[in-house]
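Here's the structure, in C-alpha cells; my notes come after.
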Amino acid sequence: MRTRVRGWRWRRNPLRRRSDVVEAWTVLMVTVLLFVVAPLVGVAAGLHAHDRARALAAAQRAARHEVRAVVLSDPPGRPSAVEGERRHPYLAQVRWTEPGKGARTAWVRVPAGTTAGERVGVWLDSRGRSVAAPPNAVALWQHAVTVGLAAAAGTAAVVFLGRTIERRIALRHRLAEWEREWARTGPRWNQPHM
C-alpha cells in the first residue's frame, strides 16, 4: 500500500533534495500564475479591447449615417435559404433620397432573400459612399471576450511552456545529482564482503 505525505517537499528531512524544494516552489508559482495572473491578464486585455473598440465604433457612428433605401432589383443568385434567415449579403442596386441632394442610386450589400421593392438600411460615410454599419454593443462585447480569452490562453501557454522547460532542467540536475551520489556510495555497495 502506498501512502502519500502532503507537503513533504516543504518540511525539513534528510531525504529532501534541493531539486525537491525548487519543484515545490515552481508548482506553487505555476498555480498562482494559472489561477490568478492568467485570468487577470485576460480581463485586463478584454476591457482594454472593449474600450478601444467602443471608441472606434463611436467615431464610426459620428462619421456615418443611415438612410432607408428601396431595392431596385433582386440580388442575383439568391440561395435557397430557410424562410426568415437573412444572413448572407449580396450586392443589389438601391435608391434613396437625401435632403438637398435628390435621388441617388448605388450598389450595396443587402441581406439574402431581399426582393425588389423592399426597404433596407444603407450606411453612408461623409462622402456619400456605401460603407458597413458600425459595430453594435453585442459585436463589441464579442470582440472583447475573444481578445480576453486569447490573452488568458496565451498567458497560460507561456506558463506551461516555462514549466515544461523548468521540469526538463530540473530532471537533468536531479539525474546529475543522483550520479554524483552513486559515484560516492556505489563502490561501497559493489565491494565483496568477507
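A continuous path of hydrophobic side-chain contacts links Val41 to Val159 [ILVMFWY only; heavy atoms under 4.5 Å]. Residues Val108 and Val71 fall within the same hydrophobic cluster, defined by Ile, Leu, Val, Met, Phe, Trp and Tyr side chains chained together at heavy-atom separations under 4.5 Å. Follow the hydrophobic side-chain contacts under 4.5 Å out from Phe35 and you reach Val30 in the same cluster.
More than 12 heavy atoms of other residues, nucleotides or ligands lie within 6.0 Å of CH2 in Trp123, so this atom counts as buried by the packing criterion.
The other residues sharing a hydrophobic cluster with Leu47 are Val43, where clustering joins ILVMFWY side chains under 4.5 Å apart. In the hydrophobic clustering (ILVMFWY side chains linked at under 4.5 Å, chained through shared members), Leu171 is joined by Leu175, Trp178.
Pairs engaging residues 39-59 under the salt bridge (charged side-chain N to carboxylate O under 4.0 Å, His left out) rule: Asp51-Arg54 [sequence neighbours left out]. Within the structure, the salt bridge (charged side-chain N to carboxylate O under 4.0 Å, His left out) test picks out no pair touching residues 55-73 (sequence neighbours left out).
Nearest approach of Ala92 to Val110, heavy atoms of both residues: CB-CG2, 3.7 Å. For the pair Thr105 and Trp96, the tightest heavy-atom approach, listed with the atom from each and the gap, is C-CZ3, 4.2 Å. Summarising the geometry of Gly42 relative to Ala151, their closest heavy-atom pair is CA-CB, 4.2 Å, with the distance given to 0.1 Å. Heavy atoms only, all atoms of each residue included: Leu72 and Ala116 are closest at O-CB, 3.8 Å. Closest of all the heavy-atom pairs between Ala49 and Ala144 is CB-CA, 4.4 Å.
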Atom pairs and distances, donor-acceptor, side-chain atoms in residues 162-169, under 3.5 Å, two or more places apart:
| from | atom 1 | to | atom 2 | distance (Å) |
| --- | --- | --- | --- | --- |
| Arg163 | NH1 | Glu166 | OE1 | 2.7 |
| Thr164 | OG1 | Phe160 | O | 2.9 |

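When the options Leu33, Leu40, Leu34 are evaluated for a side chain to side chain contact (heavy atoms under 4.5 Å, CB included) with Val36, the one that passes is Leu40.
No side-chain heavy atom of Pro135 sits under 4.5 Å from any side-chain heavy atom of Gln142. You'll find the side chain of Leu91 reaches within 4.5 Å of the side chain of Arg109, heavy atoms only.
Not counting sequence neighbours, the partners of Asp125 by the side-chain contact (heavy atoms from CB on, under 4.5 Å) test are Arg127, Arg129, Val131.
Expressed to the nearest 0.5 Å, how far CG of Leu124 lies from NE2 of His65 amounts to 4.5 Å.
Taking a cutoff of 4.0 Å between a charged side-chain nitrogen and a carboxylate oxygen, Glu181 and Arg184 qualify as a salt bridge.
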